[in-house]
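This report concerns only the one structure given below.
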Amino acid sequence: FTLILFTVSQSILENKKKADGSNSEAERIEIFVCRLVIYGGSMTQLIFVQAGKMWQSVKKKEFITFLGFPKVPAHLGDWQNVVGLLLSIVLAVMLSIEPILHCYVHQDEGLFTEQCEEAHHLIHDYSVMGMIGMLLYYSLLLDLAVFSMKVSAFVLVCGRMLTQLGLYLLALFSVILAGSCAVSVVRHHAADFMGIHVSSLTFFRMAMRMYDGHRYEHDVEEPVILIGVVVFLISTMVFLFNMLIAQLTCEYASIAMDMQGFARLKRVKIIVETMLVVPKWRWEIGRAH
């Protein structure tokens, strides 16, 4: 429900602007109400839950090493708590730079307006934080995978595969950096290879198949650069990409059989955690019925 409100206020109503960049009064009221519920309900709940878990970890002296940082509260060992903490921080930042609040003194120009001089420089930063918050909200939807064993097992398999994907991206980045540095040494006049940063972007577009084929004839004319591009494409598109496929195939074959069991264990874990937070009076009502 919160995700729907956030999507409506940030993605749907915000894009229904007029030619002058403003919304109608009814749309501005709807945006304000949605954001009020998000800040008052979702943000406060996230801050309260994350602060409580952090206090419990500190009180019990439960710490872990997280991303190389020692003595991090143990509850951050769960990625969902990390996402919840990041989301609470993002929402707090959004509240601090909320354009409607900064334009509160300009209500004569329109109820709940965002078009004022005080908020002009904040709109872009607010939209970026809203984009990050949208991605974090959607990532929390992975909790719903426990309702289906097949979906839950698939999500767990994807999580295990991320390590192989990370190795592939690391190798790809290394080849792009090496190729761009090597091509930048050559004396040439190709505009797409002027400097390491430009060459890196060009090689990345080639690897992602975003490089126009006609530009090979015009921008890759010199034999030395052509040889470098051919070696790069063979290394990335033929070797590394097929290596990634082989890695994913072998990894999936080794863990797919166990994922159904892990999915059941995860569902049982969520059930047990949910039972611990159910108030006693609810159990008594259920027993009475």
Side-chain angles (χ1 to χ4, degrees), residues 1-58 66-69 71-144 162 197 201 204:
F1 176 73
T2 306
L3 175 60
I4 293 174
L5 289 181
F6 196 76
T7 304
V8 169
S9 63
Q10 300 294 334
S11 298
I12 299 177
L13 294 178
E14 279 290 343
N15 289 325
K16 295 175 62 177
K17 295 182 181 295
K18 301 177 183 178
D20 58 352
S22 61
N23 295 92
S24 64
E25 183 173 344
E27 291 172 349
R28 292 197 302 270
I29 294 175
E30 293 172 357
I31 292 174
F32 176 76
V33 171
C34 291
R35 293 182 181 178
L36 185 65
V37 174
I38 291 169
Y39 295 138
S42 179
M43 185 189 71
T44 54
Q45 181 189 21
L46 285 169
I47 293 176
F48 178 78
V49 172
Q50 293 302 319
K53 291 183 178 180
M54 187 172 297
W55 169 250
Q56 291 295 327
S57 298
V58 174
F66 182 74
L67 296 179
F69 295 96
K71 291 189 176 181
V72 175
H75 79 285
L76 294 179
D78 188 355
W79 70 270
Q80 294 167 332
N81 289 326
V82 176
V83 173
L85 179 61
L86 293 176
L87 183 57
S88 60
I89 295 174
V90 168
L91 292 177
V93 173
M94 290 179 64
L95 178 61
S96 65
I97 60 176
E98 174 61 53
I100 296 178
L101 298 180
H102 286 271
C103 295
Y104 181 75
V105 296
H106 298 277
Q107 297 300 314
D108 53 336
E109 300 179 5
L111 188 63
F112 304 131
T113 181
E114 300 178 4
Q115 306 297 323
C116 66
E117 188 66 26
E118 290 82 353
H120 180 71
H121 64 286
L122 298 174
I123 293 179
H124 179 266
D125 297 336
Y126 182 84
S127 63
V128 172
M129 299 304 295
M131 179 192 70
I132 297 174
M134 187 73 69
L135 295 175
L136 293 176
Y137 266 121
Y138 269 98
S139 63
L140 290 177
L141 283 182
L142 291 176
D143 283 344
L144 299 180
L162 289 178
H197 60 291
L201 179 60
F204 178 77

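Quick caveat: nothing in here was measured; it's all calculated off a predicted structure. All values below were derived from every heavy atom in this structure, side-chain atoms included, with hydrogens, water molecules and symmetry-related copies excluded. Counting from 1, the numbers follow the sequence of the chain as shown.
Under a cut-off of 6.0 angstrom, the local environment of CH2 in Trp79 is crowded, with over 12 non-hydrogen atoms contributed by other residues, nucleotides or ligands. Crowding of Gln45 atom CD: a count of heavy atoms from other residues, nucleotides or ligands under 6.0 Å not exceeding 12. Around the CG atom of Leu36, the shell of radius 6.0 Å holds more than 12 heavy atoms that belong to other residues, nucleotides or ligands.
The salt bridge (Lys or Arg N to Asp or Glu O under 4.0 Å) test applied to Glu30 returns no partner, not counting sequence neighbours.
Here the closest non-hydrogen pair linking Ser139 and Val83 is OG-CG1, 3.4 Å.
The stretch residues 81-93 participates, sequence neighbours left out, in these side-chain hydrogen bond (donor to acceptor under 3.5 Å, both in side chains) pairs: Lys53-Asn81.
Going from atom NE2 of His197 over to atom CG of Leu201 covers 9.0 Å, rounded to the nearest 0.5 Å. Taking CG of Leu91 as the start and OG1 of Thr44 as the end, the distance is 10.0 Å to the nearest 0.5 Å.
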Which donor-acceptor pairs under 3.5 Å do side chains of residues 125-138 form with protein atoms, sequence neighbours excluded?
unit_1: Tyr126; atom_1: OH; unit_2: Gln10; atom_2: NE2; d: 3.2
unit_1: Tyr126; atom_1: OH; unit_2: Arg35; atom_2: NE; d: 3.4
unit_1: Tyr126; atom_1: OH; unit_2: Tyr39; atom_2: OH; d: 2.9
unit_1: Tyr126; atom_1: OH; unit_2: Glu98; atom_2: OE1; d: 2.8
unit_1: Ser127; atom_1: OG; unit_2: Ile123; atom_2: O; d: 3.3
unit_1: Ser127; atom_1: OG; unit_2: His124; atom_2: O; d: 2.6
unit_1: Tyr137; atom_1: OH; unit_2: Ser42; atom_2: OG; d: 2.6

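A 4.5 Å side-chain heavy-atom check between Val33 and Leu5 finds every atom pair outside the cut-off.
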Q. Side chain to side chain contact (heavy atoms under 4.5 Å, CB included) between Leu95 and Leu101: does it pass, once the steps are laid out?
A. CA-CA 8 Å; Leu95 178 61; Leu101 298 180; 3.9 Å; yes

